[in-house]
Amino acid sequence: MSHDEQKVRQQFFDEFGKKVNDTVHSLEMICIQADKETFADLKLTCTSLSGELWGLLVFCEKGLYFYVHPYESMMTVMLRQAAHGDPPKEQLLTLHTIPELRFTVYPRRWYDILLGSARDRLVMSYKDAGGRTRCADIQCQGKAESVLDKINCQFVNIQGLDATSVIH
């Protein structure tokens, strides 16, 4: 990583830390894949037809967050302006406050050897306000087991949470 990249990264760490009143330790690029009801329950807006929302899993000293930067391509800008739509908004999900939040490695199937689809995936589940279990797939940029280990360490560090209740 170049010096300029390190400065930009540190600037994001500082700005995000001020936003959530916490100290940022690390980031992971992830994509949450879920149905419309799950996104609505999480108070996230997903405009993708495929039900995918890319963002950053932000590991802080006192919390775990999913952050979506308001980005759009030039093509999307032109289409949005032609349709008089609203620009994308910054989104922030405070993961450590979600009731009965669980992360697991995506179940392996025999044909994953051919497709390689499960190697970099996690499953996130939680209980909604009505007590219903909701699930979302998480596509990781790196290996899912490594991200799961970081989540495990994060929840051990957050007071009052036990890693065995988070990871199965």
Side-chain angles (χ1 to χ4, degrees), residues 1-17 19-20 22-35 38-39 41-42 44-71 73 90-127 133-168:
M1 188 180 307
S2 73
H3 179 68
D4 289 339
E5 290 170 330
Q6 288 176 344
K7 281 176 46 177
V8 169
R9 182 179 171 103
Q10 188 59 48
Q11 181 182 359
F12 173 81
F13 278 28
D14 294 342
E15 289 174 7
F16 189 86
K19 184 180 310 229
V20 297
D22 206 345
T23 304
V24 178
H25 290 296
S26 65
L27 307 168
E28 288 287 339
M29 178 71 106
I30 64 168
C31 175
I32 296 180
Q33 299 167 316
D35 59 31
T38 301
F39 278 123
D41 188 62
L42 293 171
L44 293 172
T45 303
C46 177
T47 57
S48 165
L49 294 176
S50 60
E52 297 180 342
L53 185 61
W54 283 93
L56 296 172
L57 189 59
V58 185
F59 296 87
C60 294
E61 189 171 313
K62 298 181 267 182
L64 181 64
Y65 304 90
F66 177 66
Y67 173 74
V68 180
H69 181 75
Y71 168 81
S73 67
E90 178 180 73
Q91 299 182 67
L92 180 63
L93 175 62
T94 307
L95 289 166
H96 63 272
T97 61
I98 296 175
E100 298 186 45
L101 181 65
R102 307 275 187 272
F103 292 91
T104 56
V105 175
Y106 195 81
R108 306 281 198 264
R109 294 174 297 247
W110 67 269
Y111 53 83
D112 288 334
I113 295 169
L114 302 172
L115 303 174
S117 60
R119 187 181 69 117
D120 303 326
R121 294 176 75 178
L122 297 173
V123 176
M124 177 181 79
S125 63
Y126 67 96
K127 296 281 186 183
T133 300
R134 294 197 174 266
C135 295
D137 289 345
I138 297 178
Q139 177 73 37
C140 304
Q141 195 173 31
K143 288 191 176 188
E145 288 83 6
S146 299
V147 175
L148 190 61
D149 287 343
K150 284 177 73 173
I151 293 169
N152 182 20
C153 291
Q154 181 66 33
F155 277 95
V156 168
N157 290 335
I158 297 172
Q159 186 176 7
L161 293 176
D162 178 16
T164 58
S165 68
V166 176
I167 297 168
H168 298 281

Checking side-chain contact (heavy atoms from CB on, under 4.5 Å) for the pair Lys127/Thr133: CA distance, chi angles, key distance, verdict?
CA-CA 5 Å; Lys127 296 281 186 183; Thr133 300; 3.1 Å; yes
Asp22 meets the salt bridge (Lys or Arg N to Asp or Glu O under 4.0 Å) criterion, sequence neighbours left out, with none
Not counting sequence neighbours, which residues clear salt bridge (Lys or Arg N to Asp or Glu O under 4.0 Å) with Lys19? List them please.
Glu90
Any side-chain donor-acceptor pair under 3.5 Å between Gln11 and Glu15?
yes
Distance-only polar pair, side chains of Asp149 and Ser146, donor-acceptor under 3.5 Å
no
So, do [X] and [Y] sit near enough that their side-chain heavy atoms are less than 4.5 Å apart?
X      : Y      : answer
Phe59  : Glu28  : yes
Lys143 : Val147 : no
Gln91  : His69  : no
Leu42  : Met124 : yes
Leu27  : Tyr67  : no
Ile98  : Leu93  : yes
Asp137 : Ile32  : no
Phe66  : Leu53  : yes

In terms of relative ring orientation, are Tyr65 and Phe16 parallel, tilted or perpendicular, with 30° and 60° separating the classes?
perpendicular
Do the side chain of Ser2 and the main chain of Glu5 share a donor and acceptor less than 3.5 angstrom apart?
yes
Any sub-3.5 Å donor-acceptor pair from His96's side-chain atoms to Leu64's backbone N or O?
yes
Roughly how far, to the nearest 0.5 Å, is [atom2] of [Y] from [atom1] of [X]?
X      : Y      : atom1 : atom2 : answer
Tyr106 : Gln139 : OH    : CD    : 10.0 Å
Asp120 : Ile30  : CG    : CD1   : 13.0 Å
Phe103 : Leu122 : CZ    : CG    : 7.5 Å

Determine the minimum heavy-atom distance between [X] and [Y], stating which atoms define it.
X      : Y      : answer
His25  : Phe13  : O-CE2, 3.7 Å
Ser125 : Cys135 : CB-SG, 3.8 Å
Cys60  : Val20  : SG-CG2, 4.4 Å
Glu52  : Cys46  : O-SG, 3.3 Å

My understanding is that only residues two or more places apart in sequence, or in another chain, count here; which of them pass side chain to side chain donor-acceptor pair (under 3.5 Å) with [X]?
X      : answer
Tyr126 : Asp41
Thr45  : none
Gln141 : none
Ser48  : Ser50

Could you walk me through whether Leu95 and Ile151 pass the side-chain contact (heavy atoms from CB on, under 4.5 Å) test, one step at a time?
CA-CA 11 Å; Leu95 289 166; Ile151 293 169; over 6 Å; no
